[in-house]
Each structure stands twice: as C-alpha cells, then as structure tokens.
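I have placed the structure first, in the form of structure tokens, so that the comments after it can refer back to it.
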Amino acid sequence: MSEEVLEGTDTIEAGYVTVEDLKRNDRIPPLKALERAPMPVIDCLEDIPCTPCRDVCPTKAIVMKNMIDRPEIDWDKCTGCTLCAQACPGLAINIVNYFFGKKSLRKPGYEDYSLVMIPYELTPIPRKGDVVDVYDRGGKLVGEAEVFSVIKSPKFGTVLVNILVPQGWAFEIKHVEVRRR
Ligand code: SF4
Ligand code: SF4
C-alpha cells in the first residue's frame, strides 16, 4: 500500500473510520471523562469546510482554528449535552454514555451496559422498546439491541436513537436498522 497521504486527510486505510483511527486521533474519550458525563465520539477525520459542531457547543469544547480544520475536542470542557451530535449534518457524531447501566439504569444484568446515541436518517424510525439490528463501522452485523429512547432535535430536526449495548460495543457500532417483518 502506498505510504503517500493526501494533505488534509488521515490514513483511513480500511475505507471507513475504525476504532484504531479514532484512537490515533484522540477521538476515544478518556475513562475520566466517561465517568463524568456522556461523551461525543467524532468520526470526522478530514479537513472539510464545516463548523456546526464547533459553533453549537456551549462550552467551546470543540476547537477548530480555521473553518476547514478537523474538530478537536477538549474532554475537560465537554458536558455531554449532545448538541454537537444534533447539529452535525454528516451524522458523524455518536454520544456514548459508557457507564449508563451502572450509574443510571441500575437494572440487574445491565451493569456493564452503555447507552449509545446514534443519529438516524432512514425510515421507519425506530421506536422505544424496539429491538434493532446493530452494525459496526464496517457495516458488519454485530447483533441486536433494545431501543431505550428516540429523540428528534427540536432545533436541527436530527433523529437520534439511544440503544442499550454491552460496553464492549460502545465505540465499535455506527448504525442501527429496524428489523423488517
Ligand atoms: S456534547 Fe455538548 S459540550 Fe460536549 S462537545 Fe458536544 S456540544 Fe460541546
Ligand atoms: S459538524 Fe459534523 S461533519 Fe461538520 S465538522 Fe463537525 S463533526 Fe465534521
């Protein structure tokens, strides 16, 4: 494989953003931040002229010196408000509430579960309580998950689906699909 890298892009060798790509670009939230609040996982790794995530962030946790830069995040400033995921036109941001099972749900058997918020643009829109198929970043079926809640951003109209998944899936998954019956 060629070592040549186009200026303004990352070496996304798989053709999609892998967890390794995220790690290399400091996009996996540190445990300390995950213990404090839900955290965004921003897949955006190319220099494109786009700034809604930065502009909407109330705490200035997302930084771009120029409008064409990639978004960088200051984990200490992030409050987990989810506005960046609501505003992103590229559906590039998941919100991971890593310790949701242990800290908030407190349901026997769900101690090691996370709540992952995934932007969704297909129809039909999943409903609370649905069981949906869950796919990883490469489009491979990972398994099924329960829809905990669905919200529609009042400001941006983005639909965001919250699913309960084992913590081991939290950064791997990227898409859900309502099962066809
Ligand atoms: S979740 Fe909220 S505070 Fe955190 S980066 Fe996104 S907009 Fe900013
Ligand atoms: S709004 Fe979305 S696509 Fe635009 S820079 Fe931010 S993460 Fe990337």
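For the single chain, residues carry numbers from 1 onward in sequence order. Indexing begins at 1, ligand by ligand and atom by atom, following the structure's order. In this text the structure is predicted, and so the values were computed from the model without any measurement.
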- Task: Would you kindly check if the NZ (Lys) or CZ (Arg) of K140 is within the cone defined by 45 degrees around the ring axis of Y135 and under 6.0 Å from the six-membered ring centre?
- Result: no
- Query: Can you list the ligand 1 atoms lying under 4.0 Å from a non-hydrogen atom of G80?
  - Reply: 1 (S), 4 (Fe)
- Message: As an exercise, identify every atom of ligand 2 less than 4.0 angstrom from a heavy atom of I42.
- Response: 7 (S)
- ligand 2 atoms in contact with P52 (distance to a heavy atom under 4.0 Å): 1 (S)
- Task: Would you mind checking which non-hydrogen protein atom is closest to atom 5 (S) of ligand 2, with the distance to 0.1 Å?
- Result: C50 O, 3.3 Å
- Task: Using a strict cut-off of 4.0 Å, indicate which atoms of ligand 2 neighbour a heavy atom of C53.
- Result: 1 (S), 5 (S), 6 (Fe), 7 (S)
- Run the salt-bridge test on R137 and D21 with the 4.0 Å N-O cut-off and return the result as yes or no. no
- Task: Could you find the nearest protein heavy atom to atom 2 (Fe) of ligand 1 and give me its residue, atom name and distance?
- Result: C81 SG, 2.3 Å
- Query: Does V134 reach the side chain of I118, with side-chain heavy atoms less than 4.5 Å apart?
  - Reply: no
- Taking only non-hydrogen atoms of T59 and a 4.0 Å limit, the atoms of ligand 1 in range are 3 (S)
- Near I62 (heavy-atom distance under 4.0 Å), the atoms of ligand 1 are 5 (S)
- Message: Within ligand 2, which atoms have a heavy atom of P89 less than 4.0 Å away?
- Response: 1 (S)
- Of the protein's non-hydrogen atoms, which lies at the shortest distance from atom 4 (Fe) of ligand 1, and what is that distance? C78 SG, 2.3 Å
- Query: Under 4.5 Å between any side-chain heavy atoms of Q86 and P154, yes or no?
  - Reply: yes
- Message: Just checking Y98 against F171, ring centres under 6.0 Å apart?
- Response: yes
- Task: Output yes when E20 and K23 qualify as a salt bridge under the 4.0 Å nitrogen-oxygen rule, no when they do not.
- Result: yes
- Ligand-side contact atoms (ligand 2) for residue partner C44, heavy atom cut-off under 4.0 Å: 3 (S), 5 (S), 7 (S), 8 (Fe)
- Query: Is the closest side-chain heavy-atom distance between C53 and L83 below 4.5 Å?
  - Reply: no
- Ligand-residue contact atoms, ligand 1 with T79, heavy atoms, under 4.0 Å: 3 (S), 4 (Fe)
- If you count the atoms of ligand 1 from 1 in the order shown, which ones are under 4.0 Å from a heavy atom of C57? 3 (S), 5 (S), 7 (S), 8 (Fe)
- Query: CG/L160 to CG/L91 distance, rounded to the nearest 0.5 angstrom?
  - Reply: 8.5 Å
- When rounded to the nearest 0.5 Å, the distance separating CG of N94 from CG of N162 is 10.5 Å
- Message: Show me which atoms of ligand 2 lie under 4.0 Å from any heavy atom of M64.
- Response: 5 (S)
- Audit row: V142, E172, side chain to side chain contact (heavy atoms under 4.5 Å, CB included) steps and yes/no: CA-CA 9 Å; V142 177; E172 298 278 355; 5.8 Å; no
- Item | Contact with ligand 2 for A87, non-hydrogen, under 4.0 angstrom | no
- Query: For ligand 1, which atoms, with element, lie under 4.0 Å from some heavy atom of I73?
  - Reply: 5 (S)
- Counting each atom of ligand 2 from 1 as listed, which ones have a heavy atom of C88 under 4.0 Å away? 1 (S), 2 (Fe), 3 (S), 7 (S)
- Message: Please determine whether side chain to side chain contact (heavy atoms under 4.5 Å, CB included) holds for the pair W169 and V116, giving the CA-CA distance in whole Å, both sets of side-chain angles, and the decisive distance to 0.1 Å.
- Response: CA-CA 9 Å; W169 295 9; V116 179; over 6 Å; no
- Which heavy atom of the protein is the closest neighbour of atom 6 (Fe) of ligand 1, given with residue, atom name and distance? C84 SG, 2.3 Å
